[in-house]
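As the structure is a computational prediction, the values presented were derived from the model and not from experiment. Heavy-atom basis, side chains included; hydrogens, waters and symmetry copies ignored.
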Amino acid sequence: MGTLEELVLSYRVLAAKGVVDAYGHVSMRSADNPGHYFISRSLAPELVTDSDIMELDLDSKPADPADTRPMYLERFIHGEIYKARPDVMAVVHSHSPSVIPFGVTTVPLRPLFNTAAFVGYGIPVFDTRKVQGSGDVLIKTPSLGEAMAKTLSKHPGVLMRGHGSTVVGPSLGETIIRSIYLELSAKLQAQTMQIAGPGGEIVYYDDVEVEEVVSRQSSAQTWKRSWELLLNQGRELLAKSRSSS
């Protein structure tokens, strides 16, 4: 699933990859208590250290009532997804730039390369207007988190209209990797559509290719090399930060 050290490193890695900036967050379900999850206190991802990690229940309240540190307004994204999806072990919410346009148009994200084949399982769009009418688009209530989790359904991720995206996975490592490749996939799809032009043909993965590729990647060893590289990069970033402080 992942360790607390790896959770801290995940924040650093996603910031370095441009998936998150001052905003966005990562959580990991507790291996000891599936009804709890770990997430940083309200803090820019690039600044997160081990002392910033909080343990919350699935109502997104601190497991320790004495822990009164500020929390992310959108922590309900995490708690409500964990309630709805027992298979999900980690969640990433981000505002990665290339993904945003696909949440505000009718153009769907589609799979076009190996490491983002999971996109072929569908990335639906959640629109807060359909739940609450016009207003703040942040998922800052349990009811909005629950509604978003319903749109996510069994998919690996969900776009959030005019906001960003949320990605889930069966482990912390795979969820981080999916988040990075979702951003890259959106960027490459936009480039490909521009190259193809109005009448050009784009050859996306078909359903059989998606199933075959994702099934192969489901092996824990498939993402081991990528995850080890990302963790090493995260440790270097954390060490550099500590040496300069």
Can you list the steps and then say if W227 with S10 is a side chain to side chain contact (heavy atoms under 4.5 Å, CB included)? CA-CA 10 Å; W227 187 225; S10 295; 3.5 Å; yes
Just wondering, do V168 and R85 contact through their side chains at under 4.5 Å, heavy atoms? yes
Taking atom CD of E209 and atom CG of D206, what is their separation to the nearest 0.5 Å? 4.0 Å
Could you tell me whether a side-chain N or O of R12 sits under 3.5 Å from a main-chain N or O of R235, the two making a donor and an acceptor? no
How about I176 and I180: do any of their side-chain heavy atoms sit closer than 4.5 Å? yes
Hydrophobic clusters here meaning ILVMFWY residues chained together by side-chain heavy-atom distances under 4.5 Å, can you tell me if L4 and L43 are in one? yes
Can you run down the salt bridge (charged side-chain N to carboxylate O under 4.0 Å, His left out) pairs that involve residues 113-129, sequence neighbours left out, and say none if there aren't any? D127-R161
With rounding to the nearest 0.5 Å, note down the distance linking CD1 in I202 to CG in L112. 8.0 Å
Group every Ile, Leu, Val, Met, Phe, Trp and Tyr by side-chain heavy-atom contacts under 4.5 Å, then state whether L159 and M193 land in the same group. yes
Salt bridge check: are E212 and R216 linked by an N-O gap of less than 4.0 Å? no
Could you list the cluster mates of L73? Members are the ILVMFWY residues connected by side-chain heavy atoms closer than 4.5 Å, either directly or through other members. L138
Any side-chain heavy atom of P156 sitting closer than 4.5 Å to one from I123? yes
Could you tell me whether E55 atom CD has more than 12 heavy atoms of other residues or ligands within 6.0 Å of it? yes
Keeping the roles fixed (side chain from T222, backbone from S218), state whether a donor-acceptor pair exists under 3.5 Å. no
To the closest 0.5 Å, what do you measure between CD (E174) and CD (Q217)? 8.0 Å
Rounded to the nearest 0.5 Å, the CZ atom of R225 sits from the CG atom of L230 at a distance of 12.0 Å
How about S40 and M54: do any of their side-chain heavy atoms sit closer than 4.5 Å? no
Partner set under salt bridge (Lys or Arg N to Asp or Glu O under 4.0 Å) for D52, not counting sequence neighbours: R41
For the side chain of S179 and the backbone of T175, is there at least one donor-acceptor N/O pair under 3.5 Å apart? yes
Can you list every ring pair (Phe, Tyr, Trp, His ring centres under 6.0 Å) pair that touches residues 151-190, not counting sequence neighbours? H93-H163, H95-H163
Partners of D136 by salt bridge (Lys or Arg N to Asp or Glu O under 4.0 Å), sequence neighbours excluded? K140
Looking at S243 and K240, would you say the former's side chain and the latter's main chain have a donor-acceptor pair under 3.5 Å? yes
Using every non-hydrogen atom in the two residues, find where A117 and P111 come nearest and quote the distance to one decimal. O-CB, 4.0 Å
Do M160 and I139 come close enough that some side-chain heavy atom pair is under 4.5 Å? yes
Write down the atom of G24, the atom of P45, and the distance for their closest heavy-atom approach. O-CG, 3.4 Å
Run the side chain to side chain contact (heavy atoms under 4.5 Å, CB included) check on S165 and L182 step by step: do they pass? CA-CA 9 Å; S165 66; L182 182 67; 4.0 Å; yes
Which ring pair (Phe, Tyr, Trp, His ring centres under 6.0 Å) pairs, counting each pair once, include a residue from residues 106-138, with sequence neighbours left out? none
Once salt bridge (Lys or Arg N to Asp or Glu O under 4.0 Å) is applied, do any residues pair with K83, and if so which ones, sequence neighbours excluded? D59, E80
Only one of T166, L152, I39, V92 passes side-chain contact (heavy atoms from CB on, under 4.5 Å) with I77, and that residue is T166
Using the side chain to side chain contact (heavy atoms under 4.5 Å, CB included) rule, take V91 and Y37 through it: C-alpha gap first, then chi angles, then the decisive distance, then the call. CA-CA 10 Å; V91 176; Y37 67 96; over 6 Å; no
State whether a side-chain donor-acceptor pair under 3.5 Å links S27 with H78. yes
State, with a plain yes or no, whether a side-chain heavy atom of H36 is found less than 4.5 Å away from one of L56. no
Listed by chain and number, what are the salt bridge (Lys or Arg N to Asp or Glu O under 4.0 Å) partners of R110, not counting sequence neighbours? none
Between A16 and L237, the two heavy atoms sitting closest are CB-CD1, 3.6 Å
The criterion is side chain to side chain donor-acceptor pair (under 3.5 Å); which residues satisfy it with S51, sequence neighbours excluded? T49
Could you pull out the closest heavy-atom pair between R178 and V167, with the gap in Å? CB-CG1, 3.6 Å
About how many Å separate CG of D64 and CZ of R69, when rounded to the nearest 0.5 Å? 9.0 Å
Quick check: does any side chain N or O of T128 sit under 3.5 Å from a backbone N or O of V137, one acting as donor and the other as acceptor? no
CG/D87: more than 12 non-hydrogen atoms of other groups inside 6.0 Å: yes
Would you indicate whether the side-chain heavy atoms of I53 and V48 approach each other to under 4.5 Å? yes
Separation between OG of S94 and NZ of K17, rounded to the nearest 0.5 Å: 14.5 Å
For residues 191-213, which residue pairs pass the ring pair (Phe, Tyr, Trp, His ring centres under 6.0 Å) check, not counting sequence neighbours? none
Would you be so kind as to tabulate the donor-acceptor pairs closer than 3.5 Å made by side chains of residues 96-106, with sequence neighbours excluded?
| from | atom 1 | to | atom 2 | distance (Å) |
| --- | --- | --- | --- | --- |
| S96 | OG | E183 | OE1 | 3.0 |
| S98 | OG | E183 | OE2 | 2.8 |
| T105 | OG1 | P101 | O | 3.1 |
| T105 | OG1 | V107 | N | 3.3 |

Y23, L47: one ILVMFWY side-chain cluster at the under-4.5 Å cut-off? no
In the structure I gave you, are the side-chain heavy atoms of M89 and L172 within less than 4.5 Å of one another anywhere? no
Taking only residues at least two apart or on different chains, which pairs with a member in residues 54-76 satisfy ring pair (Phe, Tyr, Trp, His ring centres under 6.0 Å)? H25-Y72
